[in-house]
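These notes are about the structure you will find just below.
Because only heavy atoms are used, hydrogens play no part in the values below, and waters and symmetry mates are left out as well, while side chains stay in.
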Amino acid sequence: MVPASMTKVMAAYVIYDAMAQGRLSKDTMIPVGSALAAYSRDPGYSNVYLSAGASYSLDELLGAIFVVSANAAVMAVGDYLYGSEAAFVARMNQFVSDWGIDAYFQDCSGVSSSNRVTPRAMATIANRLVSDYPDCLNYSSLTSLNFRGQTYYATNKMLPGRGYDYDGTMGLKTGTTSAAGACFTGVVERDGVRMISVIMGAPYSNGRYTDSITMLDYAFSQASSQPQAQPEPAPIPTATPAPEPPRDYVSMVVPDASA
């Protein structure tokens, strides 16, 4: 299915991977040319305003990517890292190929209707990002962003104080195009249990949140009802304990397959 701006989750993974390699840091200044500056002001796309000839820190652009879903911001970072959007996207596709998941990206912003991903693959990408680079949650959990004097509000309505406020929501990414419908990948954590939900192709904007909440309510109820493994009591020593051969075992709780 078409993921729209949820594509930026995969783009963010490539950016964080580059930071882990030391190729850039949050203080790295990313230059913006005239074409991207003009694109950032096109009202038909999700963006923060960028100025031609100006440079922006990676920290600023990550906030714009996660909170506002800024297309030009992610494209600017991709150009800086790989010289072109095509080369940046090739790195995105290399990761999904290495992971063996069903996804393909044509661009890094999610505008292209040629981007394709299954809901399960989208959940895998999100899980990779938040597990390998949990710092992303410091951005995706923000309800608003002040970008050089202009205030922007998060597209994610399940964050605290938003229209579909859902306890424990930490992000992650919305997406909407005519080809994709309304999409949402959510990350929610309660009592040490983290859940990732994926909604794709919802027929109206708020449907992605109501459906996510229904799924997450069910998932958390199942998690809380799973029996917890109890530690075995220590044996009471006797005067002449009989030696036992060592043994290894694994205890697993397997969810109901019908879930």
Side-chain angles (χ1 to χ4, degrees), residues 5-42 45-95 98 105 107-111 125-156 159-160 169-175 185 187 189:
S5 281
M6 295 194 304
T7 296
K8 294 183 178 78
V9 178
M10 189 65 245
Y13 191 95
V14 174
I15 295 169
Y16 270 98
D17 174 71
M19 280 197 282
Q21 295 176 24
R23 296 180 56 195
L24 77 173
S25 71
K26 290 186 179 182
D27 295 327
T28 299
M29 300 303 292
I30 311 292
V32 172
S34 57
L36 274 184
Y39 177 71
S40 77
R41 296 169 185 272
D42 187 326
Y45 299 100
S46 178
N47 274 306
V48 295
Y49 287 166
L50 303 177
S51 299
S55 293
Y56 299 84
S57 71
L58 179 61
D59 178 59
E60 290 178 289
L61 296 179
L62 283 172
I65 292 166
F66 279 103
V67 179
V68 192
S69 193
N71 292 349
V74 71
M75 293 164 70
V77 181
D79 286 349
Y80 178 86
L81 278 174
Y82 288 93
S84 69
E85 182 177 11
F88 183 51
V89 173
R91 183 61 174 141
M92 293 165 57
N93 285 321
Q94 183 61 57
F95 271 115
D98 291 344
F105 300 102
D107 71 5
C108 66
S109 65
V111 171
I125 294 168
N127 189 45
R128 287 272 188 171
L129 178 63
V130 300
S131 298
D132 293 350
Y133 305 112
D135 177 73
C136 70
L137 297 172
N138 292 322
Y139 296 100
S140 68
S141 61
L142 296 174
T143 57
S144 65
L145 177 74
N146 186 298
F147 191 90
R148 299 207 173 184
Q150 178 70 41
T151 299
Y152 298 86
Y153 293 94
T155 58
N156 180 359
L159 288 169
T169 298
M170 307 172 74
L172 183 65
K173 194 70 198 70
T174 59
T185 296
V187 177
E189 185 169 319

### Task
Could you check Leu129, Val130, Asn127 and say which one makes a side chain to side chain contact (heavy atoms under 4.5 Å, CB included) with Val187?
Val130
### Query
Is a side-chain N or O of Ser84 found less than 3.5 angstrom from the main chain of Ala87, in a donor-acceptor match?
yes
### Query
Just by distance, do the side chain of Thr169 and the backbone of Gly171 share a donor-acceptor pair under 3.5 Å?
no
### Task
Begin with the C-alpha distance, continue with both residues' side-chain angles, and end with the deciding distance and a verdict on side-chain contact (heavy atoms from CB on, under 4.5 Å) for Lys8 and Asn71.
CA-CA 9 Å; Lys8 294 183 178 78; Asn71 292 349; 2.7 Å; yes
### Query
At what distance, to the nearest 0.5 angstrom, does CE of Met29 lie from CG of Leu61?
8.5 Å
### For the student: nearest non-hydrogen atoms of Leu142 and Leu159, plus distance
O-CD1, 3.4 Å
### Message
Quick check on side-chain hydrogen bond (donor to acceptor under 3.5 Å, both in side chains): which of Ser140, Ser69, Ser5 does Lys173 satisfy it with?
### Response
Ser69
### Message
Over 60° means perpendicular and under 30° means parallel, so tell me whether Tyr152 and Phe147 are parallel, tilted or perpendicular.
### Response
perpendicular
### Task
Looking only at non-hydrogen atoms, find the nearest pair between Ala64 and Val48 and report the distance.
CB-CG2, 3.8 Å
### Query
When you measure from the side chain of Asp79 to the backbone N and O of Glu85, does any donor-acceptor pair fall under 3.5 Å?
yes
### Task
Return the minimal non-hydrogen interatomic distance between Met75 and Cys108, and the atom names on each side.
CG-SG, 3.8 Å
### Task
Establish, yes or no, whether the cationic atom of Arg91 lies under 6.0 Å from the six-membered ring centre of Phe95 and within 45° of the ring axis.
yes
### Query
Can you tell if the side chain of Asn47 reaches within under 4.5 Å of the side chain of Val68, non-hydrogen atoms only?
no
### Task
For side-chain contact (heavy atoms from CB on, under 4.5 Å), just list the numbers for Gln150 and Asn146, CA-CA rounded to whole Å, side-chain angles, deciding distance to a tenth of an Å, and then say yes or no.
CA-CA 5 Å; Gln150 178 70 41; Asn146 186 298; over 6 Å; no
### Task
If the plane angle is over 60° it's perpendicular, under 30° parallel, otherwise tilted; pick one for Tyr16 and Tyr133.
parallel
#### Entry: Spatial distance of atom CD (Glu60) from atom CD1 (Ile65) [nearest 0.5 Å]
11.5 Å
### Query
For Ala72 and Leu50, which heavy atoms make the closest approach, and how far apart are they?
CB-CD1, 3.8 Å
### Query
Are any side-chain N or O atoms of Arg128 and backbone N or O atoms of Tyr13, one a donor and one an acceptor, separated by less than 3.5 Å?
no
### Query
Can you check whether Leu137's main-chain N or O pairs, donor with acceptor, with Ser141's side chain at less than 3.5 Å?
yes
### Message
Test side-chain contact (heavy atoms from CB on, under 4.5 Å) on Arg23 and Thr28; report intermediate values, then the result.
### Response
CA-CA 9 Å; Arg23 296 180 56 195; Thr28 299; over 6 Å; no
### Task
Fit a plane to each ring of Phe88 and Tyr82, take the angle between them on a 0 to 90° scale, and name the class: parallel (under 30°), tilted (30 to 60°) or perpendicular (over 60°).
tilted
### Query
Is the shortest heavy-atom distance from the side chain of Tyr153 to the side chain of Thr143 under 4.5 Å?
no
### Derivation of the side-chain contact (heavy atoms from CB on, under 4.5 Å) call for Thr7 and Met92
CA-CA 10 Å; Thr7 296; Met92 293 165 57; 3.9 Å; yes
## Note on the structure
Closest heavy-atom pair, Ala37 versus Ser40, reported as atoms and distance to 0.1 Å, is O-OG, 2.7 Å
### Task
State, with a plain yes or no, whether a side-chain heavy atom of Leu172 is found less than 4.5 Å away from one of Phe66.
yes
